[in-house]
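Following: one structure in structure tokens, then a few remarks.
Just so it is clear, the values below take in all heavy atoms, side chains as well, and ignore hydrogens, waters and symmetry mates. All chains are named by letter (A, B, ...) in the order of the sequence lines, taking the proteins before the strands, and each is independently numbered beginning at 1.
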There are 2 protein chains.
Amino acid sequence: MRHYFQDKSVNLSKRERTRSLLIDGAISAIAEHGLEGASIKEITTIAGLSNGTFYNHFEDREEVFRLATMSIAQELADDIAEMVADVDDGIARIVISTNTFIERAVSASDWGAMIVDAVHYLGDVRQDVATHLRADIALAMKRGDISEMPDRFQIHQIVALIALAIEAQLDGGKSKSINFRTCEAVLRLLGLSPTKAQRAVAAHLT
Amino acid sequence: MRHYFQDKSVNLSKRERTRSLLIDGAISAIAEHGLEGASIKEITTIAGLSNGTFYNHFEDREEVFRLATMSIAQELADDIAEMVADVDDGIARIVISTNTFIERAVSASDWGAMIVDAVHYLGDVRQDVATHLRADIALAMKRGDISEMPDRFQIHQIVALIALAIEAQLDGGKSKSINFRTCEAVLRLLGLSPTKAQRAVAAHLT
DNA sequence: TCCATAATTGAGAGTACTCTCATTTTTGAA
DNA sequence: TTCAAAAATGAGAGTACTCTCAATTATGGA
């Protein structure tokens, strides 16, 4: 994942390729030192470019951080959308999406670290997750599995639990149990009883 | 709250009084610019002291941050312990503690902002909350209201929800509804059904 | 191949921060 | 009141960072 955007841009214009190098570099740097600690020097060194090139592509630090976050969010969203494309049960979609999102973020550890950081600083990320979640919940409501559409605050609660699950696994190593329990917790927050939540998770994750 | 530790140390030694001034200053600075953004210059300016004095009292930034966080945590813990001293129902204690903690943190907004920041950086804070929570949960288990003692990860989930509630109110203004729903969410995570959680919150908060 | 345009380079100006230390000021016990 | 010890001061050394820009190098269409 360290060269993800670089690889993806391999037959685009030079401008795009360099941009991608810098975005990959920014992700590594942020994963290592956090949004506030990542320096432009570090980003360009990782990218194998010189300091000045950065400003040929981005206005300032803020811009590359925003772009890098959005790029990751988009990639993960696409990945997950494909994963649940043929699942038509809302609860199942919520469980599978949540689990997949966390798994992917943990596996691509730079991405995970960046997401955890971004959730604390950038409200956009939360809104992004919210959009996808809402669609799945609407589906579950049609079936009567969930009775009320959660508001913005409840979505934030769910996002906080997901970020925590990623953080815990980046610190302590991969753990299926953490994923299971996070999915259960999400369903509990959405109003399922503990028993139903547990059954739903057991049914859709292995 | 801006001069809390200063006021509290008013008849201690000069050394203690200056220390308290600096801790109050550190809290304000961190609330304003975050743990990473708060500079020593800013802390000493707020305290009305000169730059060098800081190093007469603390080894480095890290030390004052740790001390300031622990001081706040201790004060809040004492405050809440007193509040629930004569409540012998575990669920009630959990609800009242959670609500009081969030309310206090939001009212003393510098403290709240610092706690939100510290939760993300310092594991200690989570452990601190954990200790108090565990006692209340043990009480609720004796009565059969909760069936399993939550492990470290579940405690972290609860702490994350509490931090989110504080953050939301620091951004958007005080809101009883956020407190209610956070208490409900905490009880749901602890295994209560949505109905029971709602009743418990309604019974103990007004 | 040629060459206008685009991209990259790296030195450095400007800024901000942490921490040290010789000096000055304050404190409080005798 | 006196004065040794304690505390506070602020200039500045050392470091690190952001962003600019004139100069250099690479690119790709004709």
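- In this structure, the CD atom of A:Glu36 is 15 Å from the C1' atom of C:dA16, given to the nearest Å.
- Straight-line distance from the CG atom of B:Asn56 to the P atom of C:dT18: 17 Å, rounded to whole Å.
- The side chain of B:Thr18 lies closest to D:dA7 when the candidates are D:dA7, C:dA7, D:dC19.
- Listed for the A:Arg188 side chain is a donor-acceptor partner under 3.5 Å among the backbone atoms of B:Leu189.
- Among C:dG28, D:dT18, C:dC19, the nucleotide with an atom closest to any side-chain atom of B:Ile40 is C:dC19.
- Among the nucleotides C:dG10, C:dC19, D:dC17, the one closest to the side chain of A:Ser50 is C:dG10.
- Residue B:Leu35 contributes atom CG, which lies 16 Å from atom P of C:dC17 at whole-angstrom precision.
- Nearest to the side-chain atoms of A:Arg17 among the listed nucleotides C:dG28, D:dG28, C:dT18 stands D:dG28.
- One interatomic measurement links the two molecules: CD of A:Glu59 to C1' of D:dT20, which rounds to 13 Å at whole-angstrom precision.
- Of all nucleotides listed (D:dC17, C:dA7, D:dA8), C:dA7 comes nearest to the side chain of A:Arg15.
- Under 4.0 angstrom from either OP1 or OP2 of C:dC19 there lies at least one side-chain N or O belonging to B:Tyr55.
- Between B:Arg104 and B:Glu75 there is no salt bridge, since no side-chain nitrogen of the basic residue lies less than 4.0 Å from a carboxylate oxygen of the acidic one.
- With C:dA7, C:dT18, C:dT9 as the candidates, the nucleotide lying closest to the side chain of A:Lys14 is C:dA7.
- Candidate nucleotides D:dA8, C:dT20, C:dA7 were compared by shortest atom distance to the side chain of B:Asn51, and C:dT20 ranks first.
- To the nearest angstrom, P of D:dT18 lies 8 Å from CD1 of A:Ile43.
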- Task: Apply the test side-chain contact (heavy atoms from CB on, under 4.5 Å) to residues B:Asp89 and B:Leu139: give CA-CA distance (whole Å), side-chain angles for both, the deciding distance (0.1 Å), then the verdict.
- Result: CA-CA 7 Å; B:Asp89 167 9; B:Leu139 213 60; over 6 Å; no

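- Using a 4.0 Å heavy-atom distance criterion, A:Thr53 is classed as a base contact.
- A salt bridge is defined here as a Lys NZ or Arg NE, NH1 or NH2 lying under 4.0 Å from an Asp or Glu carboxylate O, and B:Arg2 with B:Asp110 meets this definition.
- Within the structure, a side-chain polar atom (N or O) of B:His57 is placed less than 4.0 Å from OP1 or OP2 of D:dA8.
- One side chain, B:Ser107 or B:Lys174, offers a donor N or O that lies under 3.5 Å from an acceptor on the other.
- For the pair A:Arg19 CZ and C:dA6 C1', the computed distance is 15 Å after rounding to whole Å.
- Atom-to-atom, CD of A:Glu63 to C1' of D:dT18 comes out at 15 Å; the value is rounded to the nearest Å.
- The separation between B:Lys41 atom NZ and D:dT9 atom C1' is 13 Å, rounded to whole Å.
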